[in-house]
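Note sheet for the following structure.
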Amino acid sequence: MAPGLLDLVHLTTWAVCAVIKLPQLVAVLRAGSAWGLSVGSLLLELTGFLVFLRYHIYYGYPLETYLEYPIIIAQDVILIYCIMHFTGNVKRALFYAVVFWGGWYMITLQKWIIDLAMNLCTLVSAASKLVQLQHLWKAKDSGQLSALTWGMSAYTSATRIITTVMTTNDLAVLIRFIIMLILNIWVTATILHYRKTKRTD
């Protein structure tokens, strides 16, 4: 792939990630409700993002291969806070912040820990999508879930498959993005299915 095309893929990924959670945040704030969102799914997702970011920093990978993660993490934190606010669990947010902060430092104490964490990160990130799918299937309603947010996640997973092959060629990272692409498409399709079902009822 030509360097110009690789730069374009990086750029579009960053642009999408700069606003990736905004449709979800807008939907939650407009409704004044977090109905349909799984806080467990978001906490697992945040865990996966933090481990992934730490892994890239630890190995000194090029900034352009992970630049979007601090932005997504900030958006996830805001979204989790909104959900906790609407469900009356704001005090629990401090506990989660302390756990995530401690974990951020502990996973780099030894090389084997960060490597294990990265491999587990794929499972944790996949679990976050499966928890959201389970929540959708149980409720049979997409509630405030944004298909646009999940569709953008599928796009960024696809672009990161390309950039990983072209830059780091890290197999653990590549496998993670392939799995995330499949699951993001699945969640998007499920949201659209329940939205269509709700409209026809």
Side-chain angles (χ1 to χ4, degrees), residues 8-52 66 68-69 71-80 82-83 86-87 119-165 171-201:
L8 180 63
V9 172
H10 282 307
L11 207 65
T12 61
T13 301
W14 301 330
V16 168
C17 288
V19 297
I20 198 164
K21 298 289 181 172
L22 292 183
Q24 189 63 73
L25 280 165
V26 168
V28 167
L29 292 173
R30 275 190 186 154
S33 165
W35 174 252
L37 279 82
S38 166
V39 74
S41 171
L42 284 167
L43 290 169
L44 287 170
E45 179 181 69
L46 181 59
T47 301
F49 288 161
L50 287 168
V51 169
F52 192 76
Y66 64 89
E68 69 272 16
Y69 280 88
I71 298 164
I72 299 171
I73 289 167
Q75 291 176 53
D76 253 1
V77 168
I78 293 166
L79 186 56
I80 290 168
C82 287
I83 291 169
F86 289 125
T87 59
N119 289 316
L120 293 175
C121 165
T122 299
L123 294 175
V124 168
S125 295
S128 78
K129 312 303 184 211
L130 294 171
V131 167
Q132 186 60 64
L133 281 166
Q134 181 185 26
H135 192 79
L136 281 164
W137 296 330
K138 187 176 179 183
K140 297 189 184 324
D141 183 0
S142 59
Q144 305 310 317
L145 277 172
S146 169
L148 180 57
T149 291
W150 285 92
M152 288 191 293
S153 293
Y155 172 79
T156 59
S157 294
T159 60
R160 282 306 177 203
I161 289 169
I162 295 166
T163 60
T164 300
V165 168
L171 185 60
V173 173
L174 187 60
I175 290 169
R176 179 184 187 277
F177 282 127
I178 292 168
I179 292 170
M180 293 306 100
L181 174 61
I182 293 165
L183 292 173
N184 284 327
I185 290 170
W186 193 359
V187 173
T188 304
T190 305
I191 292 168
L192 294 172
H193 168 74
Y194 285 124
R195 190 155 297 143
K196 182 180 176 185
T197 303
K198 191 174 180 181
R199 286 183 186 151
T200 58
D201 286 347

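Throughout, residue positions are numbered sequentially from 1 according to the sequence presented. For the numbers below, each heavy atom of this structure counts, side chains included, while hydrogens, waters and symmetry mates do not.
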For [X] versus [Y], what's the shortest heavy-atom pair and its separation?
X    : Y    : result
I71  : A18  : CG2-CA, 3.8 Å
A154 : I185 : CB-CG1, 3.9 Å
V187 : W150 : CG1-CD2, 3.3 Å
A147 : R195 : CB-NH1, 3.8 Å
C121 : R176 : SG-NE, 3.5 Å
P23  : L148 : CG-CD2, 3.7 Å

What's the spacing between [X] [atom1] and [Y] [atom2] if we round to 0.5 Å?
X    : Y    : atom1 : atom2 : result
Q132 : H135 : CD    : NE2   : 6.0 Å
L22  : T149 : CG    : OG1   : 8.0 Å
N184 : M152 : CG    : CE    : 11.5 Å
C17  : I72  : SG    : CD1   : 3.5 Å
D141 : W35  : CG    : CH2   : 6.5 Å
L145 : T190 : CG    : OG1   : 10.0 Å

_Between T163 and R160, a side-chain donor and acceptor under 3.5 Å_ = yes
Quick one: does any side-chain atom of [X] pair with a main-chain N or O of [Y] as donor and acceptor, under 3.5 Å?
X    : Y    : value
Q144 : L25  : no
T156 : S153 : yes
S41  : K129 : no
E68  : A15  : no

*Would you check if L136 and S142 make a side-chain contact, meaning some heavy-atom pair closer than 4.5 Å?*
yes
*Name of the residue among I78, D76, V28 meeting side chain to side chain contact (heavy atoms under 4.5 Å, CB included) with K21*: D76
_side chain to side chain contact (heavy atoms under 4.5 Å, CB included) evaluation trace for V124 with F49_ = CA-CA 10 Å; V124 168; F49 288 161; over 6 Å; no
*What class does the angle between the rings of F177 and F52 fall in, given that below 30° is parallel, 30 to 60° is tilted and above 60° is perpendicular?*
perpendicular
*Using the side chain to side chain contact (heavy atoms under 4.5 Å, CB included) rule, take I161 and L181 through it: C-alpha gap first, then chi angles, then the decisive distance, then the call.*
CA-CA 9 Å; I161 289 169; L181 174 61; 3.9 Å; yes
